[in-house]
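Notes follow once the structure below has been shown.
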Amino acid sequence: MKNNLPGAGRAADGGSLWRIGTSGYSYPEWVTSGFYPEGTKSAEMLALYAETFTAAELNYTWYQMPKAEAIERQVARAQPGFLFAAKLTRTLTHEIEPDKWKQEATQYRRGIAPLIRARALLAVLIQLPPSFRRTEPNRSYLAELLDELSGLPLAIEFRHVSWASDRVFAELEKRKVSLVAVDAPKLDWLFPAVDAVTNPELLYARFHGRNARGWGSGSMQQQFDYDYGEQELERWIDEHFSRMADRARSGALFFNNHVRGSAPRNALTLSRLMRAGGYDAI
Amino acid sequence: MSERNIIHINVAHFAAAVEQLVDGGLRDRPVLIAAPGRARSFVQELSERAYLEGARKGMPLAIASRRVRGSRVLPPRPDLYERVMSDIHKTVGRFSPLVERAVGGGHIYLDVSGTGRLFGPPPDIAWTIRRQLRSEIGLNPIWSVASNKLVAKVSSRMVKPTGEYIVEAGDERQFLRPAPVRLLPGFDRRDLLRLEELRLRRVGDLADLNVEQLRVLFGKRTGRVFENVRGIDDEPVTPAGREPDTVFASFKFNGDINDRTLIEAALFDCVGRCGFRLRQRGAAAGRLRVEVYYTDGGSGRGQLTLPVPLESDELLFDSARIVLDRALSRRTRIQSLRLTCERLGPPPAQLDLFGAPSPPIAFGRLENRSAAKSTDSRPGALIASLDEIRNRYGREAIDYGRAFDLAAANSVEYT
């Protein structure tokens with residue numbers, strides 16, 4: 001299935017455009033699950049993925065600082081118009097060193113510059129850990145971090161419930177930073193499903209799966225091992241998306257439940273359901 | 001070969017890092033690891049700070065100490081480093097049974113192909129290993145992920161002394177192009193000087209040469225270089241105990257030497273011992289490797305794939321001499337050498353029922369070495385007789401004349 005990619009953010013008729021994709025695209029188990037044809041090598045996956053989806057999150061930029069030359073080559077392998085949401089590197093979110101982080105932020109900007117030049121950057125995803133609670137030092141740090149990254153399209157995902165506050169949302173709205181709407185297990189400490197739209201230019205949602213037991217396991221393979229049923233996704237559209245879509249002009253929705261190939265399967269289901277509901281989803 | 005996911009874990013300046021771990025007071029000091037009490041002692045390992053201040057591995061300690069003010073010189077403690085490596089091995093072994101300790105301390109390769117369902121994507125495994133090594137042992141390794149050992153190693157070298165690197169499958173060649181040639185394994189000092197003279201400084205410069213041009217530079221190593229500069233490497237991650245079957249022998253001199261005659265005599269001794277073991281096993285060697293160890297801590301290596309598997313001492317020695325020439329790339333004195341016979345297999349089928357007649361032998365000394373040489377790759381009657389005597393009376397019961405030259409030079413032998 002080839003995509004007709006009308007460009008970032010807007011449908012050809014000027015209506016809202018909703019890009020749907022997955023968190024990462026290079027998983028050998030997606031060959032076993034049938035999303036990629038048998039025998040597909042890792043180097044072939046982006047091109048195949050881009051035949052089905054129009055955006056992807058880049059996971060590896062969390063593990064290592066992006067390198068401009070490598071990003072440039074990656075952009076060249078994708079179709080024109082394909083968009084990437086690049087995760088912010090862990091040294092700025094999970095392993096912050098007070099005397100180094102500003103330098104890291106500058107390095108990060110340099111690393112993703114090819115995405116900006118190619119107009120292929122959907123957003124920088126700032127995924128904060130559950131341990132990053134809403135304390136005074138963390139609030140200060142976050143404010144400074146957003147300053148350092150200003151000018152970039154930013155989406156921020158909180159994992160701790162302490163950040164679920166109108167004051168936080170108001171600040172994000174002021175800065176035009178997208179608050180990531182998450183679908184995840186209902187755990188007391190976890191940031192809840194909040195239908196706040198802080199940046200009308202980009203509604204950003206992530207589906208982690210609802211495997212509550214897996215979230216306590218310490219294993220990613222268990223944490224994100226979840227397969228959404230069609231009814232669950234329909235209900236999500238009705239109860240959450242429909243409320244947010246009216247307040248946003250475009251958006252991106254990513255499935256992070258990569259285990260067993262559930263993410264691309266569920267992404268395609270959501271795409272179909274949204275189109276059936278009159279939303280322009282690609 | 002199906003796609004692989006290889007993780008390289010590297011604790012930079014390993015011995016020094018371990019010493020600094022054991023003695024926290026050393027953390028902010030430059031550290032040099034060198035054997036004490038010798039007139040000529042060389043730096044075997046050094047901390048990052050000592051490196052930044054101008055010391056290098058293999059540098060005479062006297063010079064290194066002058067360059068690095070306030071350095072602490074420590075004797076090497078191989079047992080300690082081995083214990084720490086074992087701990088590292090245990091940690092990484094939680095993620096795959098395919099763990100290989102690379103030559104030189106502080107390096108480990110891990111093949112995590114196909115473990116995604118259990119442990120998640122390879123970068124996550126590598127990141128987790130690093131986290132565990134930091135919290136459990138206190139070391140902060142570099143980690144890299146690539147589709148083969150070569151690219152993983154080069155990417156680790158790129159970020160040394162700390163950091164991480166992920167090279168996506170299919171990106172190996174482009175990743176390597178801008179890398180300095182010195183980061184690519186397989187080049188010795190002589191190669192690098194020559195490449196510098198020719199202004200071939202990046203891997204891409206070599207990748208742009210055609211096969212004939214590479215041959216001029218590298219001769220019989222062309223094939224390997226051709227693959228390396230393209231990021232092609234199918235060497236498996238080989239766990240201990242599953243190494244390819246080899247027979248080897250080493251020779252350590254009592255002091256340092258650069259007398260070619262004695263070096264060859266030592267090589268011949270190694271050949272004799274390897275040949276004996278090969279024939280006892282009914283095997284022949286398909287490849288020879290010679291490693292020499294210089295007094296300054298450096299080493300040289302050479303290898304040769306044999307057109308026909310060999311088990312005869314004489315023919316093995318003829319080939320080993322060629323390999324020795326490759327290994328001896330410097331005029332520095334050597335302390336020891338090692339011969340490894342690899343790719344063992346059955347000896348070639350008998351080609352000629354009527355081999356060359358054997359010369360007379362006497363206990364103690366083989367007077368006419370050239371007469372023992374046969375054009376047949378099989379050992380011949382002479383060596384069969386030697387083997388029979390050795391099998392009955394022990395290996396030392398009879399030897400070639402060269403062995404007596406070595407003894408006369410007061411050389412010490414070990415295996």
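Keep in mind that what you see is a predicted model, and the values were worked out from it rather than measured. Lettering of chains follows the sequences in order, A, B, ..., and the numbering in each one begins at 1.
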Is the [atom1] atom of [X] crowded by more than 12 outside heavy atoms at less than 6.0 Å?
| X | atom1 | answer |
| --- | --- | --- |
| A:Arg109 | CZ | yes |
| A:Tyr141 | OH | yes |
| B:Lys160 | NZ | yes |
| A:Gln103 | CD | no |
| B:Tyr51 | OH | no |
| B:Arg182 | CZ | no |

Quiz item: Can you list the residues that meet the salt bridge (Lys or Arg N to Asp or Glu O under 4.0 Å) rule with A:Glu230, with sequence neighbours excluded?
Solution: A:Arg272
Practice problem: Look at B:Arg177 together with A:Glu69 and state whether they make a salt bridge at an N to O cut-off of under 4.0 Å. | Solution: no
Please round to the nearest 0.5 Å and tell me the distance separating atom [atom1] of [X] and atom [atom2] of [Y].
| X | Y | atom1 | atom2 | result |
| --- | --- | --- | --- | --- |
| A:Tyr63 | B:Asp124 | OH | CG | 3.0 Å |
| B:Leu118 | A:Ser219 | CG | OG | 8.5 Å |
| B:Glu3 | A:Thr40 | CD | OG1 | 9.5 Å |

Quiz prompt | Inter- and intrachain pairs under salt bridge (Lys or Arg N to Asp or Glu O under 4.0 Å), touching residues 204-228 of chain A, at least two apart | solution =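 Only A:Glu57-A:Arg206, A:Glu157-A:Arg206, A:Asp183-A:Arg210, A:Arg210-A:Glu232, A:Asp225-A:Arg260, A:Asp227-A:Arg265 qualify under salt bridge (Lys or Arg N to Asp or Glu O under 4.0 Å).
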Quiz item: Got a sec, which pairs hit salt bridge (Lys or Arg N to Asp or Glu O under 4.0 Å) with one end in residues 7-29 of chain B, sequence neighbours left out?
Solution: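 Output for this query lists B:Glu19-B:Arg77.
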Quiz item: For B:Phe119, does its backbone N or O pair with a side-chain atom of A:Gln221 as donor and acceptor, under 3.5 Å?
Solution: no
Exercise. Look only at the side chain of A:Glu29 and the backbone of B:Arg117, and say whether a donor-acceptor pair between them is shorter than 3.5 Å.
Key: no
Quiz prompt | Residues B:Arg131, A:Glu95; criterion salt bridge (Lys or Arg N to Asp or Glu O under 4.0 Å); working and verdict | solution = CA-CA 11 Å; B:Arg131 221 165 29 125; A:Glu95 298 170 7; over 6 Å; no
Practice problem: Evaluate the side-chain proximity of A:Arg90 to B:Glu164: yes if any heavy-atom separation is below 4.5 Å, no if none is. | Solution: yes
Quiz item: Closest approach of A:Ser42 and B:Ala169, non-hydrogen atoms and distance?
Solution: CB-CB, 3.5 Å
Quiz item: How close do A:Arg77 and B:Asp171 get, heavy atom to heavy atom, and via which atoms?
Solution: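 A:Arg77 and B:Asp171 have their closest heavy atoms at NH1-OD1, 3.9 Å.
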Self-check item: Residues in residues 137-145 of chain B near chain A [non-hydrogen atoms, under 4.5 Å]
Solution: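 So far as heavy atoms go, B:Trp143 are the residues that approach chain A to under 4.5 Å.
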Quiz item: Is it the case that A:Lys67 places NZ or CZ above or below the six-membered ring of B:Phe175, under 6.0 angstrom from the centre and within 45 degrees of the axis?
Solution: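 No.
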Quiz item: Which of the residues A:Gln222, A:Arg73, A:His258 is involved in the greatest number of heavy-atom pairs with chain B at under 4.5 angstrom?
Solution: A:Arg73
Exercise. Determine whether the side chains of B:Glu168 and A:Ser26 contain a donor N or O and an acceptor N or O closer than 3.5 Å.
Key: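 Per modelled atom types, B:Glu168 and A:Ser26 side chains form no pair under 3.5 Å.
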Exercise. Please look at A:Phe224 and chain B and tell me whether the side chain, the backbone, both or neither of the residue comes under 4.5 angstrom of a heavy atom of that chain.
Key: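 Neither part, no heavy atoms under 4.5 Å.
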